[in-house]
There are 2 protein chains.
Amino acid sequence: MTDTFVSNPSFFKLDATLKKLRNYWQKKFDAEQKDITVDQWLLIENLYKHKKTTHNELARNTSKDITTISRIIELLVKKGLVKREADAQDRRKVYLQLTPAGVDKYKDVKSLVYDMRKIGWKTLTETDYAELTRILDTIYANIPS
Amino acid sequence: MTDTFVSNPSFFKLDATLKKLRNYWQKKFDAEQKDITVDQWLLIENLYKHKKTTHNELARNTSKDITTISRIIELLVKKGLVKREADAQDRRKVYLQLTPAGVDKYKDVKSLVYDMRKIGWKTLTETDYAELTRILDTIYANIPS
DNA sequence: AAACAATAGTTGCCATAGCAACAGTTGCTA
DNA sequence: TAGCAACTGTTGCTATGGCAACTATTGTTT
């Protein structure tokens, strides 16, 4: 692996791309008055798919710190999109699930997200997607935890 | 482009990979008592390469918000790694440059960063790097500003 | 059973991200 | 030259990210 290669700014490029994506999504959300942030959306999407999870599971599934989950969930509860439910057996556990309003929000925002994903990929192929996935997964696996 | 393709979580994967990278770097910085954050490092690296820049240029070069630059620079000034210098012609402008201590910090941290970059890429090839660059650049270009 | 370890989640703190509002300066134009 | 637009940077506010310390609960060990 050459010097030039290693010193090339892949970290920077990842960061820049992700920021531009997040920014674009957020502006669309704001323009269409969805009244959520991109990360709040990610949790809603995850809760829709898993129906009923705990903070810890959500943290693992979304690659977010559990403290961040705790705070985002707090905001979603205040917005009436998520409800907490105590576990009867283990009183430390709190189950999280979307309220009916949360399910509505998911359905409302879903198609917008779908469209935005298409825009990011518009000039790329399925092979490109597979390549990106492979490379990012490899980098992820290469980094010690 | 298929449904499955579009609904696949590339945003999530980018985010997860970047977080793991940033985390790994930060832990190494902390373990070796470099006393800087990853983003502070990115500004130091940029200032080393450009010698003398303004907040605006630095924001463009690093893909960071100018308010974020303003605050990170404030921290670096407090640490004695960066100094501000007013422009004689245009009194709105402030030039930024590394102090001698800032240059030392750059030289001190550089090899550590070099090693970490190698670790992320250890099982990948130059072709992989070129592919990643191409795909990320394409996504970046596809997103409206 | 008492002591201790492990687990689930919250809160405090500081750093980064981005928007809006602001102050000061400079350039343009009527 | 007065007024306004554009530019440079800062500050306030809210959200996310991550570490450390904390509470409460449950499981384990002696």
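Lettering of chains follows the sequences in order, A, B, ..., and the numbering in each one begins at 1. Values below: every heavy atom of this structure, side chains too, minus hydrogens, waters and symmetry copies.
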Nearest-angstrom distance from the residue atom CD1 of A/Ile69 to P of C/dT11: 15 Å
Salt bridge B/Arg134-B/Glu131, side-chain N to carboxylate O under 4.0 Å: yes
Spacing of B/Asp65 atom CG relative to D/dG12 atom C1', expressed in whole Å: 14 Å
Check: C/dG18 base within 3.5 Å donor-acceptor of B/Thr67 side chain: yes
Interatomic distance where CG belongs to B/Leu18 and C1' belongs to D/dG18 [whole Å]: 14 Å
N or O in side chain of A/His55 less than 4.0 angstrom from C/dG9 OP1/OP2: yes
Shortest side-chain distance from B/Lys64, nucleotide among C/dG18, D/dG17, C/dT16: C/dT16
Separation of atom CD1 in A/Ile72 from atom P in C/dT10, rounded to whole Å: 13 Å
Given C/dT10, C/dA6, D/dA6, the nucleotide with the shortest approach to the side chain of B/Arg92: D/dA6
A/Lys28 NZ: over 12 foreign heavy atoms closer than 6.0 Å: no
Base D/dT25 to side chain A/Arg91, donor-acceptor N/O within 3.5 Å cut-off: no
Enclosure of B/Lys107 NZ (heavy-atom neighbours >12, cutoff 6.0 Å): no
Rounded interatomic separation in angstrom, taking CG from A/Asp15 and P from C/dA15: 18 Å
Presence of A/Thr54 side-chain N/O under 4.0 Å of C/dA8 phosphate oxygens OP1/OP2: no
Any A/Lys93 side-chain nitrogen or oxygen under 4.0 Å from OP1 or OP2 of D/dT25: no
Touch class at under 4.0 angstrom, heavy-atom based, for B/Asp90 against every strand present: sugar-phosphate
Side-chain N or O of B/Asn23 closer than 4.0 Å to phosphate OP1/OP2 of D/dG17: no
Below 4.0 Å: OP1/OP2 of C/dG9 and any side-chain N or O of A/Asn56: yes
Short side-chain N/O contact to D/dT16 OP1/OP2 from A/Thr37, under 4.0 Å: yes
Separation of C/dT11 P from A/Arg71 CZ (nearest whole Å): 8 Å
Salt bridge present between A/Arg22 and B/Asp15 (N-O < 4.0 angstrom): yes
Sugar-phosphate only, base, or nothing, as touched by B/Gln40 at under 4.0 Å among non-hydrogen atoms: sugar-phosphate
Result of checking A/Lys78, A/Lys83, A/Lys79 against A/Leu81 for side-chain contact (heavy atoms from CB on, under 4.5 Å): A/Lys79
Which residue lies more 5' along DNA chain D, comparing A/Ala88 with A/Val38 via nearest heavy atoms: A/Val38
Spacing between A/Arg84 atom CZ and C/dT10 atom P, to the nearest angstrom: 6 Å
Residue matched to C/dT16 through Watson-Crick or wobble contacts both under 3.5 angstrom: D/dA15
Flag, side chain of A/Lys64 to backbone of A/Ile69, donor-acceptor distance under 3.5 Å: no
Sugar-phosphate, base or nothing in reach of A/Gln89, heavy atoms under 4.0 Å: sugar-phosphate
Whole-Å gap separating P (D/dG18) and OH (B/Tyr24): 17 Å
